[in-house]
Amino acid sequence: MSTGIVLQIAQTLLAILLAPLLMGWVNQCRAWLQGRSAPPLTQPYRMLRKLFHKDAVLAHDASRLFRFAPYIIFACMVLAAGIVPTIVNDLPFSPAADVIALVGIYALARVFLALAAMDIGTSFGTLGARREMLVSFLAEPALLMVFFTASLISQSTELPVIVQTLAHKEFAIYPSMAFAAVAFWMISVAENARIPVDNPTTHLELTMIHEAMILEYSARHLALIEWAVALKLFTYSALGIALFVPWGIAPRGDLGALPLALLALLVKMIVGGAALSLLEAISAKVRLFRAPEFLGTAFLLGVLGMLIHFLLEV
Amino acid sequence: MEIYWLLGIPLAGGTFLALWGNRRNAPEINVLFSLLTLVAAGVLTARIVAEGPIVVGDDWFFIDSFNVFLVALTAFVAFTTSLFSRPYMRIEKEHGRLTDKRLRLYHSSYQIFIAAMLLALTTNNMGILWVSMEAATLATVLLVSLYRTPASLEAAWKYFILCGVGIAQALFGTILLYFAAEKVLGSGGTALLWTHLNAVKDQLEPTVLQLAFVFLLVGYGTKVGLAPLHNWLPDAHAEGPTPVSAVLSGLLLNVALYAVMRSKVLVDGALGTEMAGSLMMGFGLLSVVVAAFLIKRQTDVKRMFAYSSIEHMGLVTFAFGMGGAVASFAGLLHMTMHSLTKSAIFFAVGHATQSAGTQLMDGIRGLIKTNPTIGWGLMLGTVAILGVPPFGVFASEFLIITTAMHEHPWATPFLLIALGVAFASIFGKVQPMVFGETELPKLPYQPALAPVFIHLGLVLMLGLFIPPYLALWYRQAAALLGG
Amino acid sequence: MALSSYFLVTTDHDIPDIRRAGFLYLLIAHVGAVALLLCFGLLQGVGQGLAIGDYTFNTMRLAEITPFWASIVYLLALFGFGAKAGLVPMHVWLPEAHPAAPSPVSALMSGVMLKTAIYGLLRVTFDLLNVQISWWGTLALALGLLTALYGVIFAAVQSDMKRLLAWSSIENIGVILAAFGLTLIFYTDGKGALAALTLTALLYHAINHAFFKGLLFVGTGAVLHATGERRMGKLGGLLRFMPWTGWLTLVGALAIAGLPPLNGFASEWLLLQAFLLTPGLTQPYLNMVIPVAAASVALAAALAAYVMVKFYGVVFLGQPRDPDLVHARRTTWAERLGMIWLAAGCVLLGLFPVQVIDWLSPVVRLLTNQTLVNDGNWLMLAPVSAERASYAPLIFLAVVAAIVLLVFFGVKRVYHGRVRRVDPWDCGYPEQDARMQDSAEGFGQPIRQIFEVFMRVERETPDPFDRKPQYRGDSRDKLWLLLYVPIARLAGWLSDQVGRLQHGRIQWYLIYSFATLIFLLVFVTR
Amino acid sequence: MSLTYHLQVVNLLAALLLLISFAMLSQRRIVGLVTLFAWQGAALAVSTALVGWSTGQHHLYYSAALTLALKVIAMPWFFYRLVKKLDVGRDVEPMINIPTTMLIGIVLVIFAFNLALPISQMSGTVTRSTLGIAMATVLLAFLMMITRSKAIPQVIGFLAMENGLFFAATSATYGMPLVVEMGVALDVLVGVFVLGIFFFQIRETFDSLDLKHMEKLKER
């Protein structure tokens, strides 16, 4: 049990620490693909440090909600990172929340962000909040559909059990998971504010979603949000890994498998980040009102995956 | 003995008021005679409840639980209506719509009308029943045209002709009945006595009786206001003075239906088929549906409630047509509830139209502001008549519909649709009359709304709880109707 | 009940809209009541022959009833209770009546009255009827999901606080009814344990809804009281002027949006679990369709979050859209206490799901003969087995709170806690004012655009040269137009046709009489 | 079965009654109508007396006397006076033209006979076949009320209907109990009295006895 707790804390801390690195890696890859000279891999860390040092600038009318939202968002992401298995499966904390609760955690973070964005009352904040909620109301059920497909296969909504079923039982090909995988990629793109749904580097009011919400934030609040964003990307990646390529995650109590698991994680993240940036580089951002269509497709793919599960796999 | 008092008092009242004229106390005398009638009816009722059915006066009068309940109801509503008409007619006179001469006519006709109805209810002779029904019509014709406006004349004319023709059919039916009875009972006085007929009903010639029933049904059905024979009813109700509308709606229709039911019992016995019941159900259903849709397009408040009377009489007819203990019970209950509620509504409507100076619903607004008692009376009466629980109409409608659902499921959709349409129409129209902004003046005299609330209170009470003796009484009556 | 609530709804009867609402309400409630009575009458009568019964539940329970009549009874019950609960398409009265009523009444109607309908439905279906047929469940499920989605979509486009909440009530009733349908499906399939799970979810959600919807209505009432305004487009920034109401309402909003660790999430979580357990069913078709139905529940829940962000954000956050709001009157202690206990309910019901389920178990056992066994400990909810699914809201809250505190003080200690107050950044567009914030209509616009098929949208777009531009967008319920208006028209047409009968000429009336007579004579002697 | 002479006369009178009904149906002038009505009353009175005489039902004499007094003398006189006073002796325009009315009338007669046939056969009275005629008279009177658009012809139609009923009562059943007959007669008397009042009221209000003025109360 105590090893379990130590491992749990270690894994969570690892996720917190590695998350900006993944962000940096994606940015670097993207810069390469766009033919720019890439920022260093540690750029996100430097930015966080810089932001933490600055004096916070708050609007006159900012309420406590505005000031506390970053902490809550960050805490939610840390919680998610604690639940999603990255290197070790079935840690003591994971029964606290299954995949449905995980979706709830993301939703909680998002709602706080949206509310905080509306707090000051600038037109950009509400605009961002509205767009964010628009994207999420379709992404969230789609994500649930993906999880449902996985949990129908494994008869459980517990992530450890899912991973266990997929990675450690006898190997089987699940066509439904292929659909789910495509859906999951589309959802991740949308949820992490990437192209083609959102552009993380833009500040054009016509296109921005996520950036519009955090325009009013500065210094440590902004740092926490940026960090939470990185963590979100990281946990989504980890989720993807756990659902679709879980091989390598160490089963519970098998300490010997840890180094291999860490290595597998790094490799998967590197490949995944590169793939993300590649896909971002070759696609164009869609118009805002195409976003529901995009996510609707993801939703349908998730549902299809589930149906295929019933047709082919039961 | 009570029976002679019962019939004699209103007759004497009519004569006296005709001679006395409209002096200062005429309305009070009217009330007094009505009260005395009520007392006589009460005594009679008590006796029937205690002793069971009686045949008195050389077989001329026959009183059982069925008609004694109607006698009590008639006497009661007649009394409350006389209470209501006192201030109402005073205000009408104030407004210059009536003269002393006409009020004299009104008061004496009113008493005669009550006497005729009571005679129709208590007589044992089908012929006398016919005669008194006709007399009741004649007594009210001139009341309908009391205002002498073109519209009221037209209404009275239609009332007279249509009911006259209708009742002529009933006479033909009665003749046919006599024709059949004569062979069994021999010619002479006894062949039209209901008790005698009832005793030998299974020996009566079926072919004749079914024809007789058609004529009787069409004849008395015209007076009940069954569609498509109902056309006189909305006109007469809308154009006559409101107390007359109240008694027409609350009492005369009942009495006519009573006549139909008396005939039905005989015909059922002779035929041994469902023919009479089916015809009544058909008429009832048609009336409910037609009336419901007609209600929807009304602009005149009294006319609307007249159609509502057609609807409810249709419902009662339907219930009686179904037959059986529950349906007959429900029909009787509904008859009572409808009489009490509808007359209460007419009382409230009467004062409302007086205060607004128009019968058009668009002109009546916000009663609850200027005349709260009228407003509340109208509102509560309306919800009661629409069958909203906990009022008694609800209980009886409920029983009727449930029984229909069991025995004739095909009829329930029609009933439900019709009730729904009627509900939406009436409530949608009454609501703005009661609520909202207004500039209506107050009435010159204090309106007599005690009757309204007495009636509604009774309806409410019967909706919540039917006293056991009353329930027993209804059951006996229902059994008489072939339950 | 209908009558008393009618008079409650029409308390302010001077306003025509309110009268209309009251009328609509009474009409539908009455039609529903008639259906219910028929339902009870049938229950009473079928077994007993036909007698005037005592209408107690005991007699009804004893009634032996054929599947055909049972189905009729069920359909009547569904219709009747559905009308009272606001099931689509009988929901039209609800968004009219709830806003029309004074706030405490709305809270009561939403929290309690809608639930009595659910109670009745449960009572009739599980307790009084001896037969249950599986298509009943499918029907209820389908209607429930439709109601849930319909409700939430319309909630998203409302611009009146109370209407928004009323539509949201429709959504929640839909969810509850879907749970009811699922319970019935499980129950008829012989899956008692699963039926118990679903029923628990249903009851849980019903209780939750009473709390958070009550909280929101009371909160709205406080706002209404303080500002006299219920159009969201005139409010804004109230968190600053009415902190108590603001913060407590936030709890309600988060709870209704189905966010952990509050109560809304707990019941929705249970329900989704139930949806995922359908592969146990014997009917393959249902097996496949029901998880897809879960998608609709998920969609409704996600949209509910959208709605609540809109509601809370527009009313309580941002800048006041009306300068007078600065003087918004503070709430009284009574109001606060009312809100506090409801908010506490939301929190506690969310944090202790295991205990709540324990409380509910007698009811569940009564109706399904099964109880929900919790596989976890007192902290952790694990309805089927810990392997299958688990959720521990208390741990959840503890961790989030711990991390928040840790980070908060950590950041303060390692760096600093300095804050500078400035004007909001204007993005290079000077002279921003409160009118430039999103209005309620604006916030709902994406949803309106996506789901325009369900609505009839009325827009008034201002002229570009208008000095005082006004924009008005109104989304009407298309079902009203597609279902109710045609019915009304049909009734009108029929009444016109019938009206022709009555056309004043006495000769015609005589002809009716004559024809009737001849017809009947032919009829009886044929 | 051979009938006695006076019963043959009753049958002849019955045929006359029917004939008069047809004549009334085709009569255009109100005064003529009143005359025909008086004749019908006379035939009725005679037949009633004959039936009473031949069957020994002596109370029928009262009925006959009553009929004679009311329907042959009092009412026609009243109507003549009324027509004169109100000056409405002009032609009446029927709603349907006369030949069509007559055709419908014949159909009605056949219908009534058909209806009465099975009943008459089981009757114990010797004058049973008159029931069909009585019914035909009633229906024809009904038809007349439908086709006339003035108040007085309509009322005469109504009274003719009453005649038919009375004929049914006396000839087919040898008369109803006396009390009933008295009551009926009283009602008719009062009815006519009320009608008289009505005519004046209508005339006063509408300036005419044309029923076309009385079509205001309807669904708009």
Side-chain angles (χ1 to χ4, degrees), chain A residues 52-53 55-61 63 65 71-72 74-76 78-79 82 95-98 100-101 104-105 107-108 111 114-115 118-124 126-127 129-130 133-134 136-137 140-141 144-145 148 151-152 155-158 161 215-216 220 224 289 292 303 306-307 310 314, chain C residues 236-237 239-240 254 257-260 265 269 272-273 276 279 287-288 291-292 294-295 298-299 302-303 305-306 309 312-313 317-319 380 386-392 395-396 399-400 403-404 407-408 411 415 418-425 427 432 434 436-438 442-443 446 449-450:
Chain A
F52 274 121
H53 273 293
D55 279 7
V57 176
L58 285 181
H60 288 302
D61 292 333
S63 69
L65 181 74
Y71 297 98
I72 292 171
F74 184 72
C76 285
V78 172
L79 186 64
D98 62 353
I100 302 177
I105 295 169
L108 186 64
V111 165
L115 288 178
M118 294 179 82
D119 188 50
I120 306 283
T122 59
S123 47
F124 284 106
T126 30
L127 176 140
R130 158 157 52 96
M133 294 314 288
L134 172 68
S136 75
F137 94 80
E140 206 172 285
L144 268 177
M145 286 306 106
F148 280 7
S151 60
L152 283 171
Q155 302 286 311
S156 170
T157 55
E158 296 285 309
V161 183
L215 270 179
E216 284 296 321
R220 57 177 180 274
L224 282 171
F289 274 100
V303 172
M306 209 153 62
L307 286 177
F310 281 110
V314 177
Chain C
L239 182 61
R240 264 175 273 152
L254 293 180
L259 295 176
F265 180 77
W269 185 84
L272 285 173
Q273 289 298 341
L276 279 176
N287 257 340
M288 201 169 357
V292 181
L299 188 60
L303 270 168
Y306 187 106
V309 167
Y312 195 79
L317 303 177
Q319 302 291 335
M380 195 168 70
E387 280 288 282
R388 172 92 218 186
S390 58
Y391 166 60
I395 298 184
F396 197 104
V399 170
V400 172
I403 297 173
V404 167
V407 174
F408 184 69
V411 169
Y415 300 99
R418 286 199 294 274
V419 167
R420 260 190 306 136
R421 291 283 185 170
V422 293
D423 283 337
W425 183 47
C427 288
Q432 293 224 355
M436 291 185 183
Q437 299 173 91
D438 255 21
F443 209 94
Q449 184 157 358
I450 296 171

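Proteins get letters first, then strands, A, B, ... in listed order; numbering begins at 1 in each.
With A:E140 contributing its side chain and C:A298 its backbone, the two residues share no donor-acceptor pair below 3.5 Å. Side chain of C:R240 to backbone of C:G318: a donor-acceptor contact under 3.5 angstrom is found.
Atom CD1 of A:I72 is separated from atom CZ of C:F408 by 11.5 Å, given to the nearest 0.5 angstrom. Distance check: A:F74 CZ to C:I403 CD1 gives 8.0 Å after rounding to the nearest 0.5 Å. Between A:I105 atom CD1 and A:L79 atom CG the span is 4.0 Å, to the nearest 0.5 Å.
Contacts of A:L65 with chain C are made by both backbone and side-chain atoms, with heavy-atom separations under 4.5 Å. Residue contact with chain C, scored on non-hydrogen atoms closer than 4.5 Å, involves the side chain of A:L144 exclusively. Contacts of C:A294 with chain A are made by both backbone and side-chain atoms, with heavy-atom separations under 4.5 Å. Both the backbone and the side chain of A:Q155 come within contact range of chain C, with heavy atoms under 4.5 Å apart. Contact of C:F265 with chain A is made through the side chain alone, with heavy-atom distances under 4.5 Å. Only the side chain of C:V399 comes within contact range of chain A, with heavy atoms under 4.5 Å apart. In this structure, the portions of A:T122 lying under 4.5 Å from any heavy atom of chain C include both its backbone and its side chain. A:L152 touches chain C through its side chain: at least one heavy atom from C-beta onward sits under 4.5 Å away, while N, CA, C and O do not. Residue A:V57 touches chain C through both its backbone and its side chain, counting heavy-atom pairs closer than 4.5 Å.
Comparing A:R130, A:M306, A:R220 by how many heavy-atom pairs each has under 4.5 Å with chain C, the most go to A:R130. In terms of heavy-atom pairs under 4.5 angstrom with chain A, the leader among C:V419, C:V407, C:L299, C:L276 is C:L276. When each of C:V400, C:I395, C:L303 is scored by its heavy-atom pairs under 4.5 Å with chain A, the top score falls to C:L303. Among the candidates C:L239, C:L317, C:L259, the residue making the largest number of heavy-atom pairs closer than 4.5 Å to chain A is C:L317.
Taking the side chain to side chain contact (heavy atoms under 4.5 Å, CB included) definition, one finds that A:A59 meets it with A:I120, A:E216, C:P424, sequence neighbours left out. Among residues two or more places apart in sequence or in another chain, the salt bridge (Lys or Arg N to Asp or Glu O under 4.0 Å) test is passed with C:R418 by A:D55.
In this structure, A:D98 and C:W269 have side chains that are in contact, with non-hydrogen atoms separated by less than 4.5 Å. Contact check for C:Q273 versus C:Y391: no side-chain heavy atoms found under the 4.5 Å cut-off.
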